[in-house]
Asker: 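One structure, pasted below without further comment.
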Number of protein chains: 2
Amino acid sequence: MPLDDLDLKLLKLLKENARTPYSKLAKELGISESAVRKRISRLIKSGIIKKITIEYELINEIKAIILVKTQPPVPVPEVSKNILKIPGVEIVYELTGEYDILVIVRASGIEMINKFIDEIRSIPGVTSTYTMVVLRTWI
Amino acid sequence: MPLDDLDLKLLKLLKENARTPYSKLAKELGISESAVRKRISRLIKSGIIKKITIEYELINEIKAIILVKTQPPVPVPEVSKNILKIPGVEIVYELTGEYDILVIVRASGIEMINKFIDEIRSIPGVTSTYTMVVLRTWI
DNA sequence: CTTGAAATCCGGTCGGA
DNA sequence: TCCGACCGGATTTCAAG
């Protein structure tokens, strides 16, 4: 699907604040409110906008990043799907390089991170993991 | 700030779809619309909700993850702030472990990723980087 | 939590490229 | 045919009580 300059601007504005009223977005872009609405629904239908969401951080919560190595013949997407099923997993990236998968998890404490690691290591195809705890997030 | 069970449920619902009307959220939680609105603004003011945003993916765009090592005496947050200034950087995590910082960037091509790496390496305190290209994202 | 007014949302329709 | 502007009625938002 071809995106024009207005679509890109719209995505930037929504990235910054996804709850901006359509009318305000319309004013910023110089088009009508209905046009904004139609563009957004087109972007969602075509899969370009994957989610309208919030970034949040709880005081008593830890974020961790787990790098995962996998082994043939299990396909990497198979492993990814299984990881995604684990509650607390926020996002899964498949990668080039030494590691095949990167997982971001949200945990209530170190014990829960350990549970994540154990669960991930028990998935068929996973050969090893490397975990880093997030100390601070900059958005 | 103490969060009750409703706050946590609210955060989950907003994570799933941040554009859900307050009235619908209210119905789901069994409280009034104004209560939902007040809770949300409290969550935003207290810094728990950091951003209302969209996840999107363009066809001709590449996401990459850059792991960064730094060196004393430059404080890590100093480096993070400098990285965050680079246009195209989505998020910066400070980490425990072998690497001090993880950066997620959005680029129009390999050349742009190279530019990111060069820029990051030129920041005082950065000693080395390791880059992985994202092949697929699971949310 | 309720109320009422203002703003926003949303489907339908029309006209031009 | 596709896109954007316009027009209502329904819904939601928001501040005051």
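Letters go in sequence order (proteins before strands), and every chain restarts at 1.
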Asker: Just by distance, no angles: are the side chains of B:Q71 and B:T127 close enough, under 3.5 Å, to form a donor-acceptor pair?
Answerer: no
Asker: Passes side-chain contact (heavy atoms from CB on, under 4.5 Å), B:I86 versus B:V105? Steps please.
Answerer: CA-CA 9 Å; B:I86 305 172; B:V105 299; over 6 Å; no
Asker: Tell me: OH of A:Y22 to P of D:dA5, nearest whole Å?
Answerer: 16 Å
Asker: Given that A:R19 and B:A35 both sit by DNA chain C, which one's nearest nucleotide is further toward the 5' end?
Answerer: B:A35
Asker: For a quick test of reading the model: is some side-chain N or O of A:S23 closer than 4.0 Å to OP1 or OP2 of C:dT8?
Answerer: yes
Asker: Nearest whole angstrom, please: distance from the P of D:dT13 to the CD1 of B:I44.
Answerer: 13 Å
Asker: So for the helix from C:dC1-D:dG17 to C:dA17-D:dT1, with five pairs setting each end axis, what is the inter-axis angle to 10°?
Answerer: 30°
Asker: Do the side chains of A:M132 and B:Y93 get nearer than 4.5 Å, heavy atoms only?
Answerer: no
Asker: Across nucleotides 11-17 of chain C, 5' to 3', mark each nucleotide with B, S or - according to how protein heavy atoms within less than 4.0 Å reach it.
Answerer: B-B----
Asker: Starting at atom CG of A:L25, determine the distance to atom P of C:dA7, rounded to an integer number of angstrom.
Answerer: 17 Å
Asker: Starting at NZ of B:K24 and ending at P of D:dT12, how long is that distance when rounded to a whole Å?
Answerer: 8 Å
Asker: Would a distance-only check, ignoring hydrogens and angles, find a side-chain to backbone donor-acceptor pair under 3.5 Å from A:R19 to B:A18?
Answerer: yes
Asker: Could you tell me the separation between the CD1 atom of B:I31 and the P atom of C:dC1, rounded to a whole number of Å?
Answerer: 6 Å
Asker: Give the rounded distance in Å between these two atoms: CD1 of A:I40 and P of D:dC3.
Answerer: 16 Å
Asker: Within a strict 4.5 Å, meaning less than it, do heavy atoms of the B:V76 and A:L135 side chains meet?
Answerer: no
Asker: At under 4.0 Å, does any side-chain N or O of A:R39 touch on OP1 or OP2 of D:dG4?
Answerer: yes
Asker: Is there side-chain contact between A:P77 and B:R136, with heavy atoms separated by less than 4.5 Å?
Answerer: yes
Asker: Taking the side chain of A:P21 as heavy atoms from C-beta outward, which of D:dG4, C:dT8, C:dC10 is closest to it?
Answerer: C:dT8
